[in-house]
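Input: a single structure, listed below in structure tokens.
What you see is a predicted model; the values in this text were computed from it and never measured. In what follows, chains are A, B, ... by sequence order, proteins preceding strands, each numbered from 1.
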Amino acid sequence: MKEFPKNYNFTEREEHWRKFWEDEDIYKFDESSDKPIYSVDTPPPYVSAEHLHTGHIMSYSQAEFVVRYKRMKGFNVYYPMGFDDNGLPTERFVEKKYKIDKSKITRKEFIDICLKETKVGAQNYKNLWQSLGTSVDWSKTYSTIDKHSQKISQWSFLDLHKKGKIYRAKKPVLWCTSCRTAIAQADLEAEERESKLYYIKAKVETGDELTFATTRPELLPACMGISVYPNDKRYKNLIGKKIILPLTGKHVYLSTDEEVDPKYGSGVVYFCSFGGQDCIDWLERHPEAKPIHALDPNGRFNEQAGVYADLKMKDARSKIVEDLKEIGALEKQEDLKNVTFIHERCSTDVEYISTEQWFINVLDSKNEFAKRGEELNWYPNFMHRIYKDWVTALKWDWCISRQRYYGVPFPLWYCSDCGEIVLADEKDLPIDPMNDRPNKPCPKCKGTNFKPEEDVMDTWMTSSLTPLIGSGLIQNEKLQQKMYPETLRAQAFEIIRTWLFYTIVKSHYHHDSLPFKDVMISGHGLDEQGRKISKRLGNYVTPSTIIEQFGADAMRYWATGASLGGNMRWNEDEVKKGKRTVTKLWNASRLAMESFDGQKKPVSSSLQDEDRWILSRLNDTIKECTEQFDKYEYSKARNAVDTFFWNDFCDYYLEFVKYRIYGEDKVSKDSAIYTLYSSLITIIKLYAPILPFITEELYQLYFKGLEKENSIHISAWSNANKDWEQTEKETKEFEKVLKVVDAVRAYKTKNGISLGKEIEEFKTEIKLSDNQKNLVSITQKVKKVISK
RNA sequence: GGGCGAUUAGCUCAGUUGGCUAGAGCACCUCGUUUACACCGAGGGGGUCAUAGGUUCGAGUCCUAUAUCGCCCACCA
């Protein structure tokens, strides 16, 4: 056996193996293989993420453990990587970073900055993934703004349009006044706030007074109707009467509405043109009412709001409340908590503005999407519930158009003469209607003047296609078809309602199938106190610092700490434990390997009791570990290996065989070496998915010459071996030895005797055979073991 | 308001279909340099398994309430 250094220099060796894997194409997808395919769809991260934190490491590593396991299990693994660099998140990032005022920059200039910025971001991610040893096939990468992704996104639009799932309509949509674009229901976040319920008095034409209650008095200029519950006796004689609104002097009529709760507030509700879901629903029930378009897309009132024109919502509120007080129309106000919807990207209050947008019809197929959710294999299972609830609660069709610059353009124009929508030809994709022109005149009026669609697509319009984009990177068409649906989607739980849901929508409509068979959902990375990691709190550590300090293997080891789907706190001690495991593996291997003969694989000759025992334990560990990995329970898989390696193998077995490998008895030595070899190669294989660097190092140091595969990561996973099985009785019999060993150790420790020091005799109540007595005396340095 | 998780040693967490005299790692205390490892080994202290009921021969594990925390969802204006 060649020289075995005393210490393992992870900094240098990890760098070495990174390069080796890349040079040798270890993780390259083999297009000619006929092994079963295992394809993986992991989230293309937003490259605009300003910082990478341990939460990212956690969720990507967890998927990667499984990927490595499957690769060793004999699957032809397809693991591409994408970067999400289109859409609103990137735009907001660039706007903030460069303090851009979009009115003072051209569309093209802005897009150029975005493209430049995303290149930098993608490189940062790639560097981190590589230093972590992520086993991606880097020749298969995509970005969501590249031509390939644009082509597929535009194809998706055309196909869904053809299938009648896409429509354009002018109706109230969710609107962000800060981003100045329409958004989708999935982009909303609910925020509970301390608010006030204002009781406002209005005059009735009969001379009576009517008090209605609202949390949003600022919408008064857009009031389009007032309703009470049909059987509410208090207001019976006022129904149908003209109500004169305070401040604006406009009038509406008092109507009845089943949805009004007579017990809440004054039992009188006013409805406004952009107040919220309740108002939209009310308008549907009261088509006679006329919406008042008093709010501009920038969030300011316009001339329809009379004296309140030009005011922002917030300012309008205080002004209107003030004015109401002044004229004595504010009866009272009560404190209450209520839920406001905000845009998740910028936390701006969402408004409801009637605009013309593109939609994908999802509401009509809610049941089918729910059914797809049932067909999907969920790991862990309880995550299914989040999906189910979301699908059931859907209220809006998916608005896919954004009034922004940086995104995939819609493949269409409008005829300037007749307004007809002219779609691009599939064969011309991708196109940009701003630069390209239709290749034929308007099919309706033969006109040749066109207006491009200036809106861009919602970023999810593209990322919902990642299974297609990923598999589409395979040139071989026959093979490409075998790649869809993919095998595994791995993602975090907070994007179930977006990424997962939208991907299922697309696959269902396009292919009438699920996009993948399994979904593995990770939890959140939290800080040490259990708080969500956020930029504002600054409560995160930089992964690259940890990797430099403890090594990538140690960092990855930490990521196994959370059970599947569970949240995990940051805990540097766990990283240290990973580092210690690496060191321990190194040292244990040093002991074993220095006894190995490099020429040929050892074979089993005459195994001794302790050999049979450890091999049986090894066998159990293989079974347990495999079973857990098959269920995506990387955490439990690691646990099984840890227990075996530290407790059984190091604490007991290595102590048992030391004297044999240093000794002269060839038969005894050979069987010890066979057992050591079998155990060690298995241990490093079982650890390989989690600790790819140290296991590769150990594999290359000795096993490669005999095991043939170029890297441990493409070597075959260890299978349970029938020959190694032991009956329960045999195991129990041997465990008596362990008990006596424990007793000897305890005796020595309590008496301050070094474990290496020989003692004269040791008495035990446990009945041991002569073989067993012999084993205890030699390994524990007791001249004579006296047992019953 | 509805739902889903969680609640086990000082800390972070395991405890699979009920059999546990409740485990691990860290931390703590004591001992020990032994030809793999002091980034170590050995030994030890420490828990009425959130609370209250119930099912059972037997419950950390199942049921029913309650409490606290976290998350998801939700138009009572």
Residue [X], side-chain atoms from C-beta onward, closest of [options]:
X: A:Arg385; options: B:G43, B:C13, B:C4; result: B:C4
X: A:Asp261; options: B:A77, B:G43, B:G25; result: B:A77
X: A:Thr749; options: B:C72, B:A42, B:A74; result: B:A42
X: A:Gln277; options: B:C4, B:C72, B:C75; result: B:C75
X: A:Lys395; options: B:C4, B:A74, B:A77; result: B:A74
X: A:Ser754; options: B:A14, B:G32, B:C72; result: B:G32
X: A:Arg569; options: B:C71, B:A74, B:C13; result: B:C13

Under 4.0 Å, heavy atoms only, any strand: does [X] hit a base, just the sugar-phosphate, or nothing?
X: A:Leu654; result: base
X: A:Val339; result: base
X: A:Cys650; result: base
X: A:Phe271; result: nothing
X: A:Phe212; result: nothing
X: A:Asp281; result: base
X: A:Gly276; result: nothing
X: A:Lys584; result: base
X: A:Gly578; result: nothing
X: A:Trp646; result: sugar-phosphate

With both distances kept under 3.5 Å, what pairs with [N], Watson-Crick or G-U wobble?
N: B:C26; result: B:G10
N: B:G5; result: B:C69
N: B:G41; result: B:C31
N: B:G18; result: none
N: B:U48; result: none

When you compare [N] with [M], how far apart are their [atom1] atoms, in angstrom units rounded to a whole number?
N: B:C75; M: B:G2; atom1: C1'; value: 15 Å
N: B:G15; M: B:A6; atom1: P; value: 10 Å
N: B:U35; M: B:G41; atom1: C1'; value: 15 Å
N: B:C37; M: B:A14; atom1: C1'; value: 26 Å
N: B:C20; M: B:C39; atom1: C1'; value: 34 Å
N: B:G44; M: B:C63; atom1: C1'; value: 40 Å
N: B:C11; M: B:C49; atom1: P; value: 16 Å
N: B:G60; M: B:G19; atom1: C1'; value: 13 Å

Discussion item. Does A:Thr583 contact B:C39 through a side-chain donor or acceptor facing the base, at a distance under 3.5 Å?
Written reply: yes

Discussion item. Can you confirm whether A:Glu765 is buried at CD, in the sense that more than 12 heavy atoms of other residues, nucleotides or ligands lie under 6.0 Å from that atom?
Written reply: no

If I take atom [atom1] in residue [X] and atom [atom2] in nucleotide [N], what distance separates them, rounded to the nearest angstrom?
X: A:Glu574; N: B:A24; atom1: CD; atom2: P; answer: 15 Å
X: A:Arg590; N: B:A38; atom1: CZ; atom2: C1'; answer: 13 Å
X: A:Arg745; N: B:G44; atom1: CZ; atom2: P; answer: 12 Å
X: A:Leu755; N: B:A38; atom1: CG; atom2: P; answer: 15 Å
X: A:Met383; N: B:C73; atom1: CE; atom2: C1'; answer: 15 Å
X: A:Lys579; N: B:G25; atom1: NZ; atom2: C1'; answer: 17 Å
X: A:Asn587; N: B:U35; atom1: CG; atom2: P; answer: 14 Å
X: A:Tyr387; N: B:C4; atom1: OH; atom2: P; answer: 19 Å

Worksheet entry | Mutual orientation of the aromatic rings belonging to A:Trp378 and A:His384 [parallel < 30°, tilted 30-60°, perpendicular > 60°] | parallel

Practice prompt. Tell me which of A:Ser563 and A:Ile753 sits closer to the 5' end of RNA chain B, going by the nucleotide each one is nearest to.
Written response: A:Ser563

Worksheet item: 5'-most contact on RNA chain B: A:Glu627 or A:Asn647, nearest heavy atom basis?
Response: A:Glu627

With a 4.0 Å cutoff (strictly under), does any side-chain N or O of [X] reach OP1 or OP2 of [N]?
X: A:Gln185; N: B:A74; result: yes
X: A:Lys748; N: B:G43; result: no
X: A:Arg580; N: B:G25; result: no
X: A:Lys576; N: B:G25; result: no
X: A:Lys636; N: B:G15; result: yes

Worksheet entry | Residue pair A:Ile546 / A:Val575, side-chain heavy-atom distance below 4.5 Å | yes

Worksheet item: Would a 4.5 Å heavy-atom cut-off, applied to side chains only, mark A:Phe656 and A:Leu775 as touching?
Response: yes

Item to complete: Flag the pair A:Asp257 and A:Arg285 as a salt bridge only when some basic side-chain nitrogen lies within less than 4.0 angstrom of an acidic carboxylate oxygen.
Response: yes

Discussion item. Do the side chains of A:Asp553 and A:Arg13 get close enough for a salt bridge, i.e. N-O under 4.0 angstrom?
Written reply: no

Worksheet entry | Donor-acceptor pair, side chain of A:Gln185 and main chain of A:Trp396, under 3.5 angstrom | yes

Worksheet item: How about A:His286 and A:Phe271: are their ring centres within less than 6.0 Å of each other?
Response: no

Item to complete: Would you check, one step at a time, whether the test ring-ring contact (aromatic ring centres under 6.0 Å, His included) holds for A:Tyr199 with A:Phe212?
Response: CA-CA 6 Å; A:Tyr199 288 75; A:Phe212 60 89; 9.6 Å; no

